[in-house]
Amino acid sequence: MNLHEYQAKELFRAAGMAVNPGEVATDAEGARALAEKYGGSAVVKAQVHSGGRGKAGGVRLARSAGEAAEHATAILGMEISGLTVEKVLVSPIENIETEAYVGVLVDREGQCPVFMVSAEGGVDIEEVAATHPEAIHRLRVDPRYGLMPHQAYGLASKLYDDPKLVRQGAGVISRLYDVFMDNGASMAEINPLISTTEGVVKAIDAKVSIDDNELFRRTAVAALRDPASESAADARAREAGLSFVKLDGNVGCCVNGAGLAMATMDLVKYYGGEPANFLDIGGSSNPDKVVEALRIITSDPGVKVILFNIFGGITRCDDVALGIVEAVRRIGFDLPLVIRLTGTNEELARGILAEAGLAAVASMDEVVERAVQLAR
Ligand code: GDP
Ligand code: MN
């Protein structure tokens, strides 16, 4: 789950980090009032889950409260990466001297958090990583001990020469580690971490992603979810308890079990196709779940064929078959459907499908190959 910048900054502030002030407005008048409060000039920033807001025209500097209102009008309702802006964050303008990058994320290989810092912040960090990776410094953290003070100073010294700035930078880096660990984050990033012409280090941007598997035990963080920022398909899948990830291909996949879903996607690729999604209907699938899964898949206009791959262990094939028949009846789509069913109650399932004029095969290769052909 991604947090908005203003929400991430609240977590930063609660952890005692130096962050620039700012408040959210949902209309031009609200933005005007905030700019007046900050002495007239202000920066107005789109609150959407997307990087590169600056490049998209979603970050604008205003020299007067009236200009702040105009910027808010322009930014609210704007689309950035397919997301509609519904809120802006209004902050006083900072006098920027330097822009650095500081991030911490999960290092899957090292099985620990890893810090990445660079004195070349503000811009696309991916671009720095691609063109001169030596400008990015990494440090793996042993979670048993946490980030030690000397490590925080070591990282900050990659960003600044002036000891006064290093000390402040180390403070920010330590707080960022606390936010990352205490909120079950998979990523926490500041880009840019600025030093001002007055010699103050502070975060003026914030990006935090929470690991979805942490949310059940972190109700305060879970409450930060903004349903408006989620795609309809994602929201539907979450409510129905389906794991769903939209992809760009045209073979809609409906599979039980994450491992089998991954294997299915691999096989789709192997036969020259492109999966339209990852979708795991879960272990014990009742027919309603299957109907909901098909609603999600068929609402993607890119899908050209629907591929079912069910291995019945705990999942009963007859439940899935009932769901398929029910979905065809209720949704009434006319996409080709290819089905592989094997395992628990397989015979029963075949009977149910046959009655509805549908057939299932037992071979995974066969069904995937056919799906890829039909998608062409
Ligand atoms: P992003 O493009 O979505 O990452 O949004 P950022 O919050 O990082 O802002 C993009 C850029 O706008 C920053 O790198 C700064 O150069 C600039 N910017 C943001 N806030 C201020 C500010 O208060 N003063 C000045 N001078 N520039 C700012
Ligand atoms: Mn940024």
Side-chain angles (χ1 to χ4, degrees), residues 231-258 260-261 263-265 267-268 271 273-376:
S231 78
D234 284 346
R236 260 200 142 123
R238 189 167 46 73
E239 274 158 28
L242 305 161
S243 333
F244 170 80
V245 180
K246 167 142 176 43
L247 301 165
D248 296 328
N250 55 15
V251 180
C253 303
C254 189
V255 187
N256 71 310
L260 188 62
T264 307
M265 289 162 54
L267 211 54
V268 168
Y271 283 111
E274 290 292 337
N277 63 274
F278 167 97
L279 194 153
D280 172 11
I281 58 171
S284 64
S285 53
N286 63 27
D288 290 339
K289 256 189 169 178
V290 179
V291 175
E292 200 52 28
L294 273 171
R295 272 194 209 285
I296 292 166
I297 294 177
T298 54
S299 66
D300 176 353
V303 170
K304 294 280 178 285
V305 59
I306 298 166
L307 161 63
F308 268 86
N309 188 6
I310 306 298
F311 182 85
I314 298 169
T315 305
R316 290 168 34 183
C317 290
D318 54 323
D319 272 348
V320 177
L322 282 172
I324 296 173
V325 172
E326 185 66 16
V328 172
R329 199 177 58 78
R330 275 202 254 163
I331 312 172
F333 55 90
D334 48 24
L335 291 166
L337 198 56
V338 292
I339 306 166
R340 180 250 185 165
L341 281 170
T342 189
T344 309
N345 291 356
E346 178 180 336
E347 288 312 317
L348 219 54
R350 283 180 198 284
I352 292 164
L353 291 174
E355 250 173 63
L358 297 165
V361 298
S363 152
M364 182 158 155
D365 271 277
E366 192 184 332
V367 82
V368 172
E369 196 172 6
R370 192 179 318 153
V372 171
Q373 277 165 5
L374 286 168
R376 290 222 174 94

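When a residue number appears, it is its place in the shown sequence, counting from 1.
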Exercise for review: Specify the closest pair of heavy atoms between I281 and A293, including all atoms of both residues, with the distance to one decimal.
Suggested key: CG2-CB, 3.8 Å

Check your understanding: Do you know which two heavy atoms are closest between I324 and F308, and how far apart they sit?
Key -> CG1-CZ, 3.7 Å

Practice item. Begin from the C-alpha positions of L267 and D365 and carry the test side chain to side chain contact (heavy atoms under 4.5 Å, CB included) through to its verdict. Key: CA-CA 7 Å; L267 211 54; D365 271 277; 4.1 Å; yes

Revision key, fill the gap. Heavy-atom nearest pair, L260 first then I310, reads CD2-C, 4.5 Å

Check your understanding: Under 3.5 Å, side chain of E355 to main-chain N/O of I352, donor-acceptor pair present?
Key -> no

**Study point:** side-chain hydrogen bond (donor to acceptor under 3.5 Å, both in side chains) partners of Q373, counting only residues at least two apart
**Key:** none

Check your understanding: Can you tell me if T342 uses its side chain to pair, donor with acceptor, with the backbone of F311 under 3.5 Å?
Key -> no

Review point. Side chains of E347 and R350: closer than 4.5 Å at any heavy-atom pair?
Key: yes

Review point. Just by distance, do the side chain of D280 and the backbone of G257 share a donor-acceptor pair under 3.5 Å?
Key: yes

Point to revise | Salt bridge flag under 4.0 Å for residues E326 and R329 | key: yes

Check your understanding: Between CG of L242 and CG of N256, what distance do you get to the nearest 0.5 Å?
Key -> 12.0 Å

Review point. Does any non-hydrogen side-chain atom of L294 lie less than 4.5 Å from one of R330?
Key: no

Exercise for review: For residues 240-258, pull every pair meeting salt bridge (Lys or Arg N to Asp or Glu O under 4.0 Å), keeping only residues two or more places apart or in separate chains.
Suggested key: K246-D300

Check your understanding: How many angstroms lie between CG in L341 and CD in E346, if you round to the nearest 0.5 Å?
Key -> 7.0 Å

Check your understanding: Stepwise, does the side chain to side chain contact (heavy atoms under 4.5 Å, CB included) test hold for L348 with R316?
Key -> CA-CA 10 Å; L348 219 54; R316 290 168 34 183; 5.8 Å; no

Point to revise | From CG (L335) to CG (N250), nearest 0.5 Å | key: 10.5 Å

Review point. When you measure from the side chain of R295 to the backbone N and O of I331, does any donor-acceptor pair fall under 3.5 Å?
Key: no

Check your understanding: So, T315 side chain and G312 main chain: donor-acceptor pair closer than 3.5 Å or not?
Key -> no

Check your understanding: How long is the span from the CE atom in M265 to the CD atom in E274, to the nearest 0.5 Å?
Key -> 9.5 Å

Revision key, fill the gap. When every non-hydrogen atom of C254 is compared with those of I297, the smallest separation belongs to CB-CD1, 3.9 Å

Review point. Name the one of L353, I306, L374 that satisfies side-chain contact (heavy atoms from CB on, under 4.5 Å) with L337?
Key: I306

Exercise for review: For A371, enumerate each residue passing the side-chain contact (heavy atoms from CB on, under 4.5 Å) test, keeping only those at least two apart in sequence or located in another chain.
Suggested key: V251, V305, L307, V338

Check your understanding: Of the non-hydrogen atoms in V268 and C253, which two are nearest, and what is the gap between them?
Key -> CG2-SG, 4.4 Å

Check your understanding: For the residue pair A261 and F278, what are the closest heavy atoms and their distance?
Key -> CB-CE1, 3.4 Å

